[in-house]
Q: 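Questions regarding the structure given below will be posed in turn.
Within every chain, numbering begins at 1; the chains are lettered A, B, ... in the order of the sequence lines, protein sequences first and strands thereafter.
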Amino acid sequence: MTCLTVQLPGLDLKNPIMPASGCFGFGREYAKLYDLNVLGAIMIKATTAEPRFGNPTPRVAETNAGMLNAIGLQNPGLEKVLTEELPFLEKFNVPIIANVAGSEIEDYVQVAREISKAPNVHALELNISCPNVKTGGIAFGTDPLVAAQVTQAVKEVSSVPVYVKLSPNVANISEIALAIEAAGADGLTMINTLLGMRMDLKTGRPILANGTGGLSGPAIKPVAIRMIHEVSQKVSIPIIGMGGIQSAEDVLEYFYAGASAVAVGTANFIDPFVCPTIIEELPYKMHELGFEHISECIGRSWKQHAKIAYSRP
Amino acid sequence: MTCLTVQLPGLDLKNPIMPASGCFGFGREYAKLYDLNVLGAIMIKATTAEPRFGNPTPRVAETNAGMLNAIGLQNPGLEKVLTEELPFLEKFNVPIIANVAGSEIEDYVQVAREISKAPNVHALELNISCPNVKTGGIAFGTDPLVAAQVTQAVKEVSSVPVYVKLSPNVANISEIALAIEAAGADGLTMINTLLGMRMDLKTGRPILANGTGGLSGPAIKPVAIRMIHEVSQKVSIPIIGMGGIQSAEDVLEYFYAGASAVAVGTANFIDPFVCPTIIEELPYKMHELGFEHISECIGRSWKQHAKIAYSRP
Amino acid sequence: MKKAWMTVISQKEIARNIYEMTLEGELVEMMSSPGQFVHIRVTEGFDTLLRRPISISSIDTKKGRFRITYRADGKGTKLLATKQSGEKIDVLGPLGNGFPIAQLNSRDHALIVGGGIGVPPLLELTKQLNQTGVRTTHILGFQSKEDVFYKNEFSYFGDTYVATVDGSYGTKGFVTTILDEITPSFTTLFACGPTPMLKALENMYPNENVYLSLEERMGCGIGACFACVCHLQDDPQGYTYKKVCTDGPVFKAREVVL
Amino acid sequence: MKKAWMTVISQKEIARNIYEMTLEGELVEMMSSPGQFVHIRVTEGFDTLLRRPISISSIDTKKGRFRITYRADGKGTKLLATKQSGEKIDVLGPLGNGFPIAQLNSRDHALIVGGGIGVPPLLELTKQLNQTGVRTTHILGFQSKEDVFYKNEFSYFGDTYVATVDGSYGTKGFVTTILDEITPSFTTLFACGPTPMLKALENMYPNENVYLSLEERMGCGIGACFACVCHLQDDPQGYTYKKVCTDGPVFKAREVVL
Ligand SMILES: Cc1cc2nc3c(=O)[nH]c(=O)nc-3n(C[C@H](O)[C@H](O)[C@H](O)COP(=O)(O)OP(=O)(O)OC[C@H]3O[C@@H](n4cnc5c(N)ncnc54)[C@H](O)[C@@H]3O)c2cc1C
Ligand SMILES: Cc1cc2nc3c(=O)[nH]c(=O)nc-3n(C[C@H](O)[C@H](O)[C@H](O)COP(=O)(O)OP(=O)(O)OC[C@H]3O[C@@H](n4cnc5c(N)ncnc54)[C@H](O)[C@@H]3O)c2cc1C
Ligand SMILES: Cc1cc2nc3c(=O)[nH]c(=O)nc-3n(C[C@H](O)[C@H](O)[C@H](O)COP(=O)(O)O)c2cc1C
Ligand SMILES: Cc1cc2nc3c(=O)[nH]c(=O)nc-3n(C[C@H](O)[C@H](O)[C@H](O)COP(=O)(O)O)c2cc1C
Ligand code: FES
Ligand code: FES
C-alpha cells in the first residue's frame, strides 16, 4: 500500500495535501461540499489584529492559465477568528495552519501570540509576502533583514512551530530563505503570488480596482518549482509548496523539486472538490510510478540517492 | 485611417510590431514564409563576441500557457553575424535591433562597438537578463550598479541608440530601470523570461538538461504588463514591451500599460505568421475602439488626459 | 449546491449575441428560488480558468431541465455559445439567494424591471409570481431593436413595456423613462440590470419595497474567496460587508452600497 | 513548407495507444520525400502551447491525403487522438530533410530498421524504394505483442522480421537480436527509433551506408529557435552543430553526436 503520511514540525499529516490560505476561507463553505476530515491540513485565510475590509472591487481578473486577485487580506480580525472561525473547525480532525498578516512587526507578534494558543492551530504561516496591501505584506518578504526580524519576533511568542511564506517577487530567493531559517523558522511555505496586472481593452484602465494583483494558478507553477528546487537544496527546514497545483501529477512535480507537502489554492475555485480528488488519485499515481511512500519523492530531482538515470526524454 | 507609425530613438517604425530576440533567428527562416518588409523592426538573436554552442538538449519544455527555454545564447559569433547574417537582412527595408550579450563588460563593449557600425543595425538591445548562462546574463540585470556600468560602457562605444533589456526576476524593477536610464540608455525593452523549471514525471529529474530555463509565453503577460505599467511612469525613455503577446488585443494591453512598441517572441513558434497577422489586425482593432493613432494608446492606463472614466466593468 | 455534468439539450441565438441554452441533469432538483445562479466551467483546460456566473432564467423541474440566457461577449461566453446539443457541461449550483417571493400573494402587484442581460432571471421570477396569483407588470430596457428578447414571454404573464436607448423599439430611452411616464403603483419592485439602473431605481423609490439583483466579478462563487464583497450602506467605509455570491445576488434596496 | 488547415478524414487505433490519422488538404502537394515531418498545433488555445512534430507515415498525392501514425502518450497526442473525421487541424509542413533515396536503384538492397514509434516514417520509405525497384528487408522492434503495428504493411513490400522485448510476438529481444541472427547483407541501412537503438546500429555497421532519423524536443520546427541542435561527431565539444528540424531529422550515421 502506498503511504501518504508526512511528519513536519507541529504537523502530523495523514496526507500532504491542504488548501492554501485565502482560497478556502475558514472552511465553512467547503464543509458543505465534502467531509473536511479527508484533508491533510487546512491553511486558513490571513488573520490580522483588526478586522479588514480589503480592497475595492473588482478584486479578481482572469489571465492566461492564471488569475489575479487583490482581495487585500479581508478578514474578520483576530477576535472573531478565535471565537467563531477556529471553534467551527474544531469538529474536524484536521490540523489548522493559521496564516498571520500585519502591517508592523507588532501586529504579527500580537496575532501570533494569541492565535497560536488556539487548540486546533498546529502551526503558523507568516504571510510576509502579500502583494495586495500597501504596508507590511510584500515589503517584509523582499528584504532578508526585515524577514528575519519578523520571523524571530514571532518565534519568541508563538506556542506552535512557525512557517514563513516566501514571496516570489525577489531576485535571490535563497538569500531570504536562509535569513529566515537562521532566524529560527521551523519551515517555509512557497510561493505566494507574483505581482501582475491586466488592462481592460475598452476602458484602457486596469481591470482590478487596485491596479495590480497577485498572479496565481497553473501559469506560475514553473516559477514555484524552480524556487523550491533551489531553496530546498540550501535550507534544512521543510517546505510546503504551492502555485498552480491541480492534479496528483502536479503534486509529484513539487515533491521532486523538494517540497515535503503541498497546498492547493486557485484550483479550489475551478473545482471545489479538487483537494479530495487529488488525495484520492495520488496513491494510484505513486503506485504507477513505483513509489511506496510519498517521502521517497521529496527532492528526487536533486538527491544523489535517487537512483534514476538522468535520461534524455 | 488609423496610423501605426512610431518614432523611437534610432527607430523609425512603420508599425510597432517586431519579432523578439531569439525567437526569429536572423530572419532567414521566416523570410521563406512571408515578406519581412511588413515588420516594424527585427530583433535578431543574441550575438556574442565568440561563437557559442549553448546548453545541452533538451532545451525546451512546455508549461501551462507557456514554455521554458535554455538555449544558452547559441549563436555563430560576432564575425559571422557581421559577414553573413546582417548582410542577408540588408535586402529588407526593416531596421534591425541587434541583441548583444556577453560574460564580461568588455564582451558587451566589443560586440556593441562593431555591430553598431553595421549599416542596417539601427539600435542595440543589451541582453543583461538572459537566465540561461552562468556568467553575465541575468547577473548583470539584477544589480542596478552593474546594470548601469554595462549600459554606460556600451553607450560610450555604440554608434546607434542603446536599449537595455530588463530581467523580471527582481524585487524592484524601477530601481534597475532608473539606474539604467541615468547611465544613458535610450530605451528599455522588457521583459526577458522568468526563471522556471519543470520536472519529468517518470524520471523525477528536470525536463531541461540545463535544469532551469526561461519562462515565456502567454503565462507571463500579466507580470510584464505590471512591470511596464510601473516603470513607464518613472522613466522618460521609451519602452518596447514583450511577454506572451499573441494578438492585436495583447498589443493594446501593452500600449495601455505604457509600451511604445512591442515584440512578439514565443508566439512565432505557435504561428509563424503571427507578426504579419497582428500587423494586419491592429488597425481594425484600433478603429473599433476609436483610436486614430497608435500613440494615443501609450500609457492610457495611467495618463491623466486619457478621458475614459475609471468604470467598474 | 452541487457540482454536476449537465447535458446541453438545445442552444439558440434569440437576439443579437444573446443565447438561450437548455441544460438537463440532476442539479435541477435543487433549483426552486428565482434569481439564483449557476457557476459554469466553460472549458476543462486553461483557456478559461475561472467559472462564469450565469443566472437561471427558467426551471422545468418535471423534465429535469433549466435554462440560462446569456450574452456571448468575452472569451468564456463566446466559447459557451459554441456548445452543441449532447455536449456535457460542468455546472456548480444552484448558488446564492434569489428573489424573496414567499411573502407575496394574490393581493400584491409586483413591478419587474430588467435591463439588458439582467432580464433573464426575471423570467422565472414572473412565472413563479404568477403561479401564486401575484399580478406582474414588466419594464424591460435594451440598447436597440436587435437586442430585445423575451418581450413575448413576459407579455404572457402581464403588461410589458420595452424601452430602447436608440428608440428603434418601444419607448426611446431607459426603463426609467417608462416609469416616469406610466408611474405604476406596486407593492414590491424586483430589478436586475446594470448598476446605474439599479441606483436610479433605489433613488426613485426610497420608501418602497425594492429588491435588486447585483453583479460582481467572482472567484469561487460559494463564499470562500472574498472576491465579490460589497459595503453596507449603513457602514460604507467600515469592515462590515455582504458577499454577492452567497448573501446575494439579490439584496433589499438600500442594504448594500451599489 | 506551408501552414494550412487540414481535414481529418479518418482516425483509428491500430495498436495499443497507437493511432493512425488520415488528413486531407493542400499541404500534400508539397510532400514527396519519405522521412519528413509535420508540426501540428493540437489545440488553438493554451492547453498545448507548442506544436508537436510527427512524421509523415504515408502520402497519397492523387487523393491529396497523407497519414500520420502516433502514440497517444502525453497531453498533446492524447488530445490529437480525440479528433474526429471532419475536424480541421492546423498543420505546418512538410518539414525537414527525409531519407535520401534518389541514388538507390534496382541493384540495391535496403535494410530498414524501426523501433516503436520510430516505425511510421519507414512505411512511406519502403513504399517509395519498392516503387523504384529497390529490394527492402524490414526489422521492426516493439515492447510487446499489443504494441506491434504495420507488420502486414511492411511484409507486402519485403521480408519483415519483428522483435518484442517480452517475446510475446516474433523474436524475443531487440532489433539487434534479429540482426545478429540473420546477419543480412545490404547496400544501405535506414533506421528510425529510440536513441539507444540508433547508437547500436551506428556501432554495428561502422563502414556501411547508414542513415538515421533523430528525435529532439522542438520549438519552432523551422530552424529559427536553436532548440533542436546536436553536436557533430568530428567536433563533439565545439560550436559547430546541426539542427534536427531543418538539417535532419535524417542524418548520415557518424555525422552527428547521438
Ligand atoms: C450573479 C450573476 C449572474 C449573472 N447572470 C448573467 C446572465 O444570466 N446572463 C449573462 O449574460 N450574464 C450574466 N452575468 C454576467 C456574466 O457572469 C459575465 O458576462 C461573464 O462572466 C463574462 O464572461 P466572459 O467569458 O464573456 O468574459 P471575459 O472577459 O472572458 O471574463 C473574464 C473574467 O471576468 C469575469 N467577468 C467579466 N464580466 C463580468 C460581469 N459582468 N459580471 C461578473 N463577472 C464578469 C468573468 O466571469 C471571468 O472571470 C451574471 C453575473 C453575476 C455575478
Ligand atoms: C522529427 C520527429 C518526428 C516524430 N515523429 C513521430 C511519429 O511519427 N509518431 C509519434 O508518435 N511520435 C513522433 N515523434 C515524437 C513526438 O513528437 C512526441 O511524442 C510528441 O511531441 C509528444 O507530445 P505529447 O503531447 O504526447 O507529450 P507532452 O509531454 O505533452 O509534450 C510536451 C512537450 O515535449 C515535447 N516532446 C515530448 N516528447 C517528445 C519526443 N519524444 N520528441 C520530441 N518532442 C517531444 C512535445 O512536442 C511538447 O513540446 C517525432 C518527433 C520528432 C522530433
Ligand atoms: C483569492 C486569493 C486569496 C489569497 N489570500 C491569501 C492570504 O490571505 N494569505 C496568503 O498567505 N496567501 C493568500 N493567497 C495566496 C495563496 O495562498 C497561494 O500562495 C497562491 O495563490 C499560489 O497558489 P495557487 O496557484 O494554487 O493559487 C491568496 C490567493 C488567492 C488566489
Ligand atoms: C527560445 C527563446 C530564445 C530566446 N533568446 C533570447 C536571446 O537570445 N536574447 C534575448 O534578449 N532574449 C531571448 N529570449 C527572450 C525573448 O526575446 C522574450 O523576451 C521573451 O521570450 C518574452 O516574450 P514572449 O513571451 O513573447 O516569448 C528568448 C526566448 C525564447 C523563447
Ligand atoms: S465569489 Fe468567492 S466569496 Fe463570492
Ligand atoms: S526546432 Fe527551432 S531550430 Fe529546430
Q: Ring centroids only, cut at 6.0 angstrom: are A:Phe53 and C:His231 within range, meaning strictly under it?
A: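 Aromatic pair counts; centres sit under 6.0 Å.
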Q: Where do A:Pro58 and A:Ile207 come nearest, in terms of heavy atoms and distance?
A: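 Where A:Pro58 meets A:Ile207 most closely, the heavy atoms are CG-O, 3.4 Å.
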Q: Pick whichever of C:Thr48, C:Asp90, C:Leu92 has the most heavy-atom pairs under 4.5 Å with chain A.
A: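 Heavy-atom pairs under 4.5 Å are most numerous for C:Thr48.
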Q: Nearest 0.5 Å, please: how far is OG in C:Ser213 from CG in C:Leu122?
A: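 Separation between the atoms: 8.0 Å.
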Q: Between A:Thr193 and A:Ser216, is a side-chain hydrogen bond (donor to acceptor under 3.5 Å, both in side chains) present by the stated rule, with each step listed?
A: CA-CA 5 Å; A:Thr193 53; A:Ser216 63; over 6 Å; no
Q: Between A:Lys45, A:Arg28, A:Lys32, A:Glu62, who has the most heavy-atom pairs with chain C when the cutoff is under 4.5 Å?
A: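 Among A:Lys45, A:Arg28, A:Lys32, A:Glu62, the one with the most close pairs to chain C is A:Glu62.
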Q: Return yes if some donor-acceptor pair links the side-chain N/O of C:Glu87 with the main-chain N/O of C:Val8 below 3.5 Å, else return no.
A: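 Not a single qualifying donor-acceptor pair exists.
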Q: Please identify, among A:Asp271, A:Asn268, A:Thr266, A:Asn64, the residue contributing the most non-hydrogen atom pairs under 4.5 Å to chain C.
A: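 Going by pairs under 4.5 Å, I would pick A:Asp271.
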Q: For ring-ring contact (aromatic ring centres under 6.0 Å, His included), just list the numbers for A:Tyr30 and A:Phe273, CA-CA rounded to whole Å, side-chain angles, deciding distance to a tenth of an Å, and then say yes or no.
A: CA-CA 8 Å; A:Tyr30 292 90; A:Phe273 297 94; 8.7 Å; no
Q: Tell me, side chain or backbone of A:Pro51 under 4.5 Å from chain C's heavy atoms, or both, or neither?
A: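 It is both, since atoms from each part get that close.
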Q: Would you please indicate if the ring centroids of C:Phe190 and C:Phe99 are separated by under 6.0 Å?
A: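 Yes, they do, as the ring centres are separated by less than 6.0 Å.
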Q: If you tally heavy-atom pairs under 4.5 Å against chain A, which of C:Met218, C:Arg52, C:Gln237 wins?
A: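 Ranked by contacts with chain A, first place is C:Arg52.
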Q: As an exercise: rank A:Pro218, A:Gly22, A:Cys23 by heavy-atom pairs under 4.5 Å with chain C and give me the winner.
A: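 Ranked by heavy-atom pairs under 4.5 Å with chain C, first place is A:Pro218.
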Q: Using a cut-off of under 4.5 Å for heavy-atom pairs, which of C:Lys2, C:Arg51, C:Lys75, C:Met1 has the most such pairs with chain A?
A: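 Among C:Lys2, C:Arg51, C:Lys75, C:Met1, the one with the most close pairs to chain A is C:Arg51.
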Q: Where does A:Glu50 contact chain C at under 4.5 Å (heavy atoms): side chain, backbone, both or neither?
A: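 For A:Glu50, there is no contact with chain C at all, as no heavy atom is under 4.5 Å.
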Q: Using non-hydrogen atoms only, which part of A:Ile270 is less than 4.5 Å away from chain C: side chain, backbone, both, or neither?
A: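 Both parts, heavy atoms under 4.5 Å.
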Q: Distance-only, no hydrogens or angles: does the A:Asn169 side chain make a donor-acceptor pair with backbone N or O of A:Leu195 under 3.5 Å?
A: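 Answer holds: yes.
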Q: Name the option with the most non-hydrogen atom pairs under 4.5 Å to chain A; the candidates are C:Cys225, C:Gly45, C:Cys228.
A: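 That would be C:Cys225.
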Q: Using non-hydrogen atoms only, which part of C:Thr240 is less than 4.5 Å away from chain A: side chain, backbone, both, or neither?
A: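 For C:Thr240, the contact with chain A is made by the backbone alone.
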